[in-house]
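See structure below.
What you see is a predicted model, and the numbers here were worked out from it, not measured in a lab.
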Protein chains: 4
Amino acid sequence: MTKGKRGRPRCELAQEAILEATHNLLTEKGGNGVTIEAIAKQANVGRPTIYRWWPSVADIVLDVVLREADSAICVHHEAPFARNLQLFLRQSVQTLNEWGGAHLRFLMAHAQKDKEFRERFRENFTNKRRQIVHSMLLHATETGEVSPICDSDLLIDLIFGPMWYRLLTGHAPLDTHFADNLTEQLLLLVQENPACRKK
Amino acid sequence: MTKGKRGRPRCELAQEAILEATHNLLTEKGGNGVTIEAIAKQANVGRPTIYRWWPSVADIVLDVVLREADSAICVHHEAPFARNLQLFLRQSVQTLNEWGGAHLRFLMAHAQKDKEFRERFRENFTNKRRQIVHSMLLHATETGEVSPICDSDLLIDLIFGPMWYRLLTGHAPLDTHFADNLTEQLLLLVQENPACRKK
Amino acid sequence: MTKGKRGRPRCELAQEAILEATHNLLTEKGGNGVTIEAIAKQANVGRPTIYRWWPSVADIVLDVVLREADSAICVHHEAPFARNLQLFLRQSVQTLNEWGGAHLRFLMAHAQKDKEFRERFRENFTNKRRQIVHSMLLHATETGEVSPICDSDLLIDLIFGPMWYRLLTGHAPLDTHFADNLTEQLLLLVQENPACRKK
Amino acid sequence: MTKGKRGRPRCELAQEAILEATHNLLTEKGGNGVTIEAIAKQANVGRPTIYRWWPSVADIVLDVVLREADSAICVHHEAPFARNLQLFLRQSVQTLNEWGGAHLRFLMAHAQKDKEFRERFRENFTNKRRQIVHSMLLHATETGEVSPICDSDLLIDLIFGPMWYRLLTGHAPLDTHFADNLTEQLLLLVQENPACRKK
DNA sequence: CCGTAAACGAGACGGTACGTCCAGTCTTGTG
DNA sequence: CACAAGACTGGACGTACCGTCTCGTTTACGG
């Protein structure tokens, strides 16, 4: 007997509806309104159907974010590094303000409660985003735009850390001004940085 | 008619027990074990007694952290700024590793779900911590150790952001090595920083 | 175009497997283990296949019982009535103890929840069993072994009622001793019964 | 605040409401409508409140029946045994027809699925009812109205068995005619019964 | 020095959401 | 075209906590 696919194929409409319902609930009612029950109701779907494909609400939100984020990322290596970094930060900040803020705050909150999800989140989102920046840095090093990086991990922390920090605490706005100032400071560290050069 | 105080004075032992029980639950069972119910049981206290003094679990945790943090902060302005910054980061990192990690992760997670608590958290913890650094910077500016700061808010974000980021995502360790490297980079920004100087 | 048979011929093995699986589940796991899902899995059969032939689990169990019961019934009219009655009760009691108890308890329980099944159950099982006794009584009346029966329905209730009662409540064992004692009492009612004679 | 008393004193009111709601649901919608969820809704009660006091729906129904049954039992030992027996059967039959049928069918059905409940049911209902009859028989034996009973258990089975049997299968009506006929047959067994006398 | 009023433990209350089981239907690919 | 496999909607389950609300019972001030 061929092991192949038997049985009713999984209904993609259902998954689509679940993701969309989750997205809508997040943007409309914020993180507290995102419940398995509410999603199921909004998507006209049975609760067990949700559990068949996702282990928790947070994983659905993660899928929503990944799907949107994939289409949003655009880095042109041909452009100068300084411009690229500015663009990346501006885009990130803009996304957080437009729709992604509630999503990411929800994800990070859940990641603190569920150790296994924290790893999935890190693997599928955080590290992916870091790698984008890492490759940007590598490319800029080759072209000589930036000094050789001593501890690129720390540098990347300096890029994402402040954004997350502002997003989560809300002590100051996440605007273009912030993105540009951050860009400026980071460029200072990266260009003519004696601490890096010597290593 | 002197109204004065009638009735039984509030039992401070109860509050003490609640704070201690919360602390123990957090360190032993992690964030998920900290529920009003568990705290009440552990502290041998009725649940309403808790609600009488704190509006939510997170506020108890916040009190636990504030009490511990107050005793942990020690900044000596007489020391050189570079040394002070290093000390501050090392102490912060050490605290997060020893006991404070679970606490702060719990607080930040709850701050995402409860808007009003987010403000209390920001007011009583985040901003307090920022002010310490801010005054350090001001003092160092006066002594000429660091260049005049154009956007001290951003600079402070660059200090706390990476720490929170590592704490919450867990993608890399929060160790002395990290604290020292971060110190080094921050000092570069602060000393002879043309971007700041010119403004 | 010859009509002939198109498509896959229906598999009688499947129905066999379903009945056997149901029987096994009942005897092994008791009434709670008998679900459409479990039967389908045990019989290596799709659930819709079951629904094609039976409207509910109880109907499958009824079929299992009917099939077994048909082969178990053996009444010899030539024997004296007293002996026949004793044999019938002993056999019934023995069947309930050996395998049929779980089956009949399951059937009776379901009959209380599903009105339509209750009628099918009564028609195909209860009444069939009553008729066997009824014909026994009729034959015995003709031979003069028993007095003419005034209300044979009640008499038959007195035969089956106690058995069901013990089976369902479990307050006392269903053993040979019980069967013999019941036989004895019933014979008293049936032989030289003034209440019946006079009518 | 006049909406109703909340808090602890509602305790008894809640249980009252639960029992009444269960009773109403049973009589109106039959056994299938009796769900923990439906009861909770009908009684304006949280589901956990129900679980705090009863382990299952069947136990609630059992309480409903016990409460009603206690008030319905009336046996006058001064009356002659024959009259007493007739009264008992007539009352039992009447109760089953008026309201108790659905309740008892539900109880017996659940007793088949839940072994532990079966014991509670037997202990608190079945055996209680049997003891009433048992004491009636004992008293009648002392006064000489009935022959010494050889196997009173069996005799009691002959009283309750047919009633349950008719109730559960529904093959014949549970009316006064039935009660009187059953009384008549039982009296025959009990008076001048050689099978008993000789033992 | 005793009455009284606040704070206490205990825990029941109405609820919300959870994650699971199973029912019964529908859809597909295989033989 | 009957079948297995299995995904679908949906209803009820029993559990964990929530935040609110009495219950008596301390307990230390104020009359």
Side-chain angles (χ1 to χ4, degrees), chain A residues 1-15 32 34-41 43-53 55-57, chain B residues 1-15 32 35-38 40-41 43-53 55-57, chain C residues 5-14 35-38 40-41 43-53 55-57, chain D residues 1 3-15 34-41 43-53 55-57:
Chain A
M1 187 184 282
T2 52
K3 204 53 180 286
K5 279 199 178 181
R6 302 198 51 177
R8 178 177 176 174
R10 102 188 209 184
C11 176
E12 272 130 35
L13 288 179
Q15 260 101 269
N32 286 325
V34 189
T35 302
I36 292 278
E37 214 160 351
I39 295 172
K41 193 178 173 185
N44 271 329
V45 145
R47 240 180 317 156
T49 301
I50 298 181
Y51 283 109
R52 210 192 318 273
W53 304 110
S56 78
V57 217
Chain B
M1 184 189 279
T2 54
K3 193 64 180 292
K5 281 194 178 183
R6 303 268 324 243
R8 176 179 179 177
R10 79 195 212 189
C11 177
E12 272 129 35
L13 288 179
Q15 260 102 272
N32 287 325
T35 54
I36 294 279
E37 213 161 353
K41 191 179 175 186
N44 271 329
V45 144
R47 249 182 308 157
T49 302
I50 298 180
Y51 283 109
R52 207 183 324 259
W53 305 108
S56 78
V57 218
Chain C
K5 285 192 179 180
R6 299 275 312 261
R8 181 175 177 174
R10 76 193 207 192
C11 178
E12 272 129 35
L13 290 178
T35 54
I36 293 279
E37 214 161 354
K41 190 178 174 186
N44 270 331
V45 144
R47 252 183 301 160
T49 304
I50 298 181
Y51 283 110
R52 211 188 319 269
W53 303 107
S56 79
V57 216
Chain D
M1 263 321 192
K3 196 55 183 287
K5 291 158 192 168
R6 284 195 285 177
R8 196 168 175 177
R10 184 66 174 272
C11 175
E12 276 154 24
L13 289 179
Q15 300 180 54
V34 189
T35 301
I36 293 277
E37 213 159 351
I39 295 172
K41 192 178 173 185
N44 271 331
V45 144
R47 243 182 312 157
T49 301
I50 298 181
Y51 284 109
R52 211 190 317 272
W53 303 108
S56 77
V57 216

> Hey, are the side chains of D:Val34 and D:Ile39 touching, using non-hydrogen atoms and a 4.5 Å cut-off?
Replying inline: yes

> For DNA chain F, whose closest nucleotide is more 5', that of B:Val57 or that of A:Ala43?
Replying inline: A:Ala43

> Does B:Arg52 have a side-chain nitrogen or oxygen under 4.0 Å from the phosphate oxygens OP1 or OP2 of E:dA7?
Replying inline: no

> Rounding to a whole Å, what distance do you find between B:Tyr51:OH and E:dA7:C1'?
Replying inline: 18 Å

> Expressed in angstrom and rounded to an integer, what is the separation of C:Glu37 atom CD from F:dA4 atom P?
Replying inline: 16 Å

> Want to settle it: does B:Pro48 or C:Asn44 sit nearer the 5' end of DNA chain F, counting the closest nucleotide to each?
Replying inline: C:Asn44

> Please give, in whole Å, the distance from E:dG14 P to D:Gln15 CD?
Replying inline: 10 Å

> Under 4.0 Å between a side-chain N or O of A:Trp53 and OP1 or OP2 of F:dC8?
Replying inline: yes

> In whole angstrom, what separates B:Lys41's NZ from F:dC17's C1'?
Replying inline: 14 Å

>> Rounded to whole Å, please give me the gap between CG in D:Leu13 and P in F:dC21.
In response: 17 Å

>> Just the rounded figure in Å: distance from P of F:dA4 to CD1 of C:Ile36.
In response: 14 Å

>> Would you say B:Thr49 places a side-chain N or O within less than 4.0 Å of OP1 or OP2 belonging to E:dG9?
In response: yes

> Can you check the C:Ile50 CD1 to F:dC3 P distance for me, whole Å?
Replying inline: 12 Å

> Quick one: the side chain of A:Arg47 and the base of F:dG10, do they pair up donor-acceptor inside 3.5 Å?
Replying inline: no

